[in-house]
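Let me begin by presenting the structure, written as structure tokens, before commenting on it.
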Amino acid sequence: MTSRPPIPAQSAVLDVAIVGAGFGGMCMAIKLLEAGNRNFLIVEKGSEVGGTWRDNSYPGAACDVQSHLYSFSFEGKADWTKRYAPWYEIQDYIVKTKEKYGLVAFTQFDTEVNGAHFDHETGIWTVNTNKGVTVQARHVVLASGPLHVPQVPKIKGMEKFKGKVFHSAQWDHSYDLTGKNVVSIGTGGSAIQYCPEIAPQVKQLYVFQRTPAWVIPRDERTYFGFEKAIFEKFPIIRKLHRARLYWSNESRVWPAFRPQNARAVSQLVKLFIRFQVKDKALAAKLTPDYTFGCKRVLISNKYYPMFNRKNVELVTDGIQEVRENTIVTRDGVERPVDCIILGTGFIVDPRIYMKDFPCTGMPGHDLNKDWKDGAESYYGMTTTGFPNLFQLVGPNSALGHNSIIFMIESQVHYIQECMRLMKEKGVDYMDVKASAQRSFNEDVQENIKGTVWSTGCVSWYQQEDGKNFTIWPWSTWKYWLETRKVKEEDYLFTKCKRPTLKAVAKEKAEA
């Protein structure tokens, strides 16, 4: 896959080690190259770039952010086929971007990072991999993202089931669903996309719903040939189109700040549900009883009409157990099943998906222990006690209304500013002050109060005790403004007294 083995000799010290080759890792790498820095390595557990868009290939998979906005601002694409591109078109864009910038030469594929440790005496991070080799770097960027570990529920009797079981993020395309009795567990972002696609194919589709989602119409349309030609010939028009999409999306967050406005919007969506679903009782079951926006709002034109089909049944009773060829609900009803699809989303709490990932920083700092009461960082990027360790889409920097690519680009800019500042000061590492991190997170949690995210529903935005560790509770332009420049007073800067990076590298080479 590459002309040279990317993992450097054990004596070499990289400037930057990037974990993950999705949008975040690629953006970081491209911006490093643009700055003239070639001393970095991307470590990717898969055999190709893409992350979420490489893994999620289920029927109907598409982005819920418009294509012209869900792409790099510096790498526009004039010929998106639809307003909301399907997964394969997004993945094709990602692969072509990789090829254009020559990222293969800087990537170690099929290699998973399983630990990271900082040496405060040298200012060097040692990154461990499942291949048994280590990577040493001055800076580490965690770009694995929060949506890469499938959530697999524990259901009584599942081990006895003789049919087919797979998660939506691990779709088995070799399995023919035609004429099968299929159970889909979950009604989140993936399920509302694949269920309408497989419904005409299967004999019977049972949609198991624990909590209904707010689903609004998708402004779905294709781009005409003349539009693509104009975007290609006049890039400024494409950029203006992107800007319009950004601001229209940004306007969607304002109801979230005032629950009374969100409740007014919910009345319109209730009418939409009632209009789309013929059966009044069924429409009631599909209508949420929580404030609009408290959980992620989904978009689809096909989901609600699907329930008008005779071969689709909404099941709201909990699962009692799975048997060899059936599934039994708590009301005692037993249904025949050939295939179970887990549309149950992902484990997004880093305390859970990183529990087997040892990460140690300054003396006395272990990430799993420091985060035992909840994941916290500073602007979702830096964490007290872990110098030169940067995260992309870390705690409280994810969105529910706009393009995460916008946030990623803002974060990459900030990380580069940190690196530039360290070089300018002649220091080896910088560590965010505990007081700055604490103050930032207090502001975040205080601002979440009184918004739709604090109106009482349970969502993947929260950890078990209800704390919202996911959402950025302000406008994205505010994040952009606050990450343009590093607040030096919020960091401690350190120059190592012994031994230098060059000396360490020389010593290892001689050994």
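Source: prediction; values computed, not measured. Positions are given from 1 along the sequence. Hydrogens, waters and symmetry mates are skipped; everything else that's a heavy atom, side chains included, is used.
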Between Asp79 and Lys77, is the closest basic N to carboxylate O distance under 4.0 Å? yes

Is Ser459 reaching over with its side chain to a backbone N or O of Tyr461, donor-acceptor style, under 3.5 angstrom? yes

I need the Thr326 OG1 to Asn181 CG distance, nearest 0.5 Å. 11.0 Å

Keeping Tyr290 on the side-chain end and Pro212 on the backbone end, is there a donor-acceptor pair under 3.5 Å? yes

Looking at OG of Ser377 and CG of Asp370, how far apart are the two atoms once the value is rounded to the nearest 0.5 Å? 12.5 Å

Salt-bridge present (Glu321, Arg323; N to O < 4.0 Å): yes

Hey, mind stepping through Arg54 and Glu44 against side chain to side chain contact (heavy atoms under 4.5 Å, CB included) and telling me if it holds? CA-CA 12 Å; Arg54 175 197 63 220; Glu44 168 55 48; 2.9 Å; yes

Specify the closest pair of heavy atoms between Phe386 and Asp366, including all atoms of both residues, with the distance to one decimal. CZ-C, 3.7 Å

For the student: nearest non-hydrogen atoms of Gly189 and Ile192, plus distance: O-CG1, 3.5 Å

Is the closest basic N to carboxylate O distance between Glu227 and Arg221 below 4.0 Å? yes

Are any of the side-chain nitrogens in Glu376 or Lys467 under 4.0 Å away from the carboxylate oxygens of its partner? yes

Show the nearest heavy-atom pair for residues Phe469 and Asp349, with the distance to one decimal. CZ-CA, 3.6 Å

Residues Glu464, Arg351: salt bridge by 4.0 Å N-O rule: no

Flag the pair Phe23 / Tyr70 as yes when their ring centroid distance falls below 6.0 Å, and as no otherwise. yes

Does Phe72 have Lys31 sitting over its ring (NZ/CZ under 6.0 Å from centre, angle to axis within 45°)? no

Between Asp317 (side chain) and Arg330 (backbone), is there a donor-acceptor pair under 3.5 Å? no

Does Gln193 reach the main-chain N or O of Gly188 with its side chain, forming a donor-acceptor pair under 3.5 Å? no

Ignoring hydrogens and geometry, is there a side-chain-to-backbone donor-acceptor pair from Arg242 to Ser71 under 3.5 Å? yes

May I ask you to test the Lys100-Glu75 pair for a side-chain heavy-atom distance under 4.5 Å? yes

Using 4.0 Å as the upper bound for N to carboxylate O, is an ion pair formed by Asp338 and Lys203? no

Just how far is it from atom CH2 of Trp171 to atom CD1 of Ile341, taken to the nearest 0.5 Å? 3.5 Å

Counting only N and O atoms by type, is there a donor-acceptor contact under 3.5 Å from the side chain of Thr291 to the main-chain atoms of Pro259? no

One should read off an interatomic distance between Cys339 SG and Ile198 CD1, to the nearest 0.5 angstrom, of 7.5 Å

Classify the side-chain pair Gln411/Tyr379 by whether it contains a donor and acceptor separated by less than 3.5 Å. no

What class does the angle between the rings of His68 and His241 fall in, given that below 30° is parallel, 30 to 60° is tilted and above 60° is perpendicular? perpendicular

Please assess Val49 against Val95 for the test side chain to side chain contact (heavy atoms under 4.5 Å, CB included), listing each intermediate value before the final yes or no. CA-CA 7 Å; Val49 299; Val95 171; 4.3 Å; yes

Would Lys180 count as a cation-pi partner of Tyr175, with NZ or CZ less than 6.0 Å from the six-membered ring centre and within 45° of the ring normal? yes

